[in-house]
Amino acid sequence: MNILGHSWIAVNATLGKRYLLIIGSLLPESFPFIENNPFSFGEIHEGGEKLFAFLNKNYPHKHDLALGMLAHGVKFGADGFNKYIESYATDKKETLLREIAKSSGVNLKTAECRLHNFLWWAVDVWILKEYPGFAREVQKTIRRVDIKEIS
């Protein structure tokens, strides 16, 4: 799933502060972009439960950040459906993988890891068409992120 899809799931599958839900839903994808990241992929991508417990204890008014992360992940969230969406491409999988590899400049193994993201773009297109105001909300949310607050 991608930016709009993950944000959409977070704000529509949970109740809370939309700003924190949106940011939380996007945090799991930040892993490869953080220089000298002290956290593992699992701690970032599937760490919502630990973060939820920490925030509930120390910053309960911020626990929606963790709810957004949970709505993203494999265990409780949208990424749990990645294999399901890939089943739609079974008969065209090899062709799609070659096209993803070529267009992204990656090898076939990396393309296979990204297949679900390319297929989920259909959800982002649907959101753009049906709820264009939501795309603007996500854009405004990203622009106003306070890195120190989120950190």
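By the 4.5 Å heavy-atom criterion applied to side chains, E46 and F41 are not counted as neighbours. Side-chain contact between L4 and V123: absent, with no pair of heavy atoms (C-beta onward) separated by less than 4.5 Å. Within the 4.5 Å cutoff, the side chain of L97 has heavy atoms near those of the K93 side chain. By the 4.5 Å heavy-atom criterion applied to side chains, L26 and S7 are counted as neighbours. Within the 4.5 Å cutoff, the side chain of S25 has no heavy atoms near those of the W8 side chain. The shortest distance between side-chain heavy atoms of Q139 and R143 falls below 4.5 Å.
In this structure, L67 CG and K17 NZ are separated by 10.5 Å, a value rounded to the nearest 0.5 Å. To the nearest 0.5 angstrom, M69 atom CE is 12.5 Å from F52 atom CZ. Here Y19 contributes atom OH and L65 contributes atom CG; the two are 9.0 Å apart, rounded to the nearest 0.5 Å. To the nearest 0.5 Å, atoms CZ (R144) and CD1 (I23) are separated by 8.5 Å. Expressed to the nearest 0.5 Å, how far CG of N117 lies from CD1 of I85 amounts to 11.0 Å. Here OH of Y59 is found 11.5 Å from CG of L51. Values are rounded to the nearest 0.5 Å.
We find that K50 and E43 are not joined by a salt bridge, their nearest charged nitrogen and carboxylate oxygen being 4.0 Å or further apart. Salt bridge status for E112 with K109: absent, with no side-chain N to carboxylate O gap under 4.0 Å. Ion pairing between E137 and R18 holds under the 4.0 Å rule for side-chain N and carboxylate O.
G16 approaches D64 most closely through the heavy-atom pair CA-OD2, 3.3 Å. Residue A111 comes nearest to V106 through the heavy atom pair N-CG2, 3.9 Å, listed as atom of the first residue, atom of the second, then distance. When every heavy atom of L115 is checked against every heavy atom of E86, the shortest pair comes out as CD2-CG, 3.9 Å. The heavy-atom pair separating I9 from A71 by the smallest distance is CG2-O, 3.8 Å. In terms of heavy-atom proximity, L21 sits nearest to A10 at O-CB, 3.6 Å.
In the hydrophobic clustering of this structure, V125 does not group with V138; members are Ile, Leu, Val, Met, Phe, Trp, Tyr whose side-chain heavy atoms approach within less than 4.5 Å, directly or through other members. No single ILVMFWY cluster, assembled from side-chain heavy atoms under 4.5 Å apart, contains both L119 and V74.
Looking at N2, its side chain never comes within 3.5 Å of a backbone N or O of G5 through a donor-acceptor pair. In terms of modelled atom types and a separation under 3.5 Å, the side chain of T90 and the main chain of S87 share a donor-acceptor contact.
Residues W120 and N82 have side chains that bring a donor and an acceptor to within less than 3.5 angstrom of each other. Looking only at atom types and distance, the side chain of H116 has no donor-acceptor partner in the side chain of D79 under 3.5 Å away.
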Could you walk me through whether F54 and H63 pass the side-chain contact (heavy atoms from CB on, under 4.5 Å) check?
CA-CA 8 Å; F54 172 80; H63 79 262; over 6 Å; no
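Residue I3 qualifies as open at atom CD1: its count of foreign heavy atoms under 6.0 Å is 12 or below.
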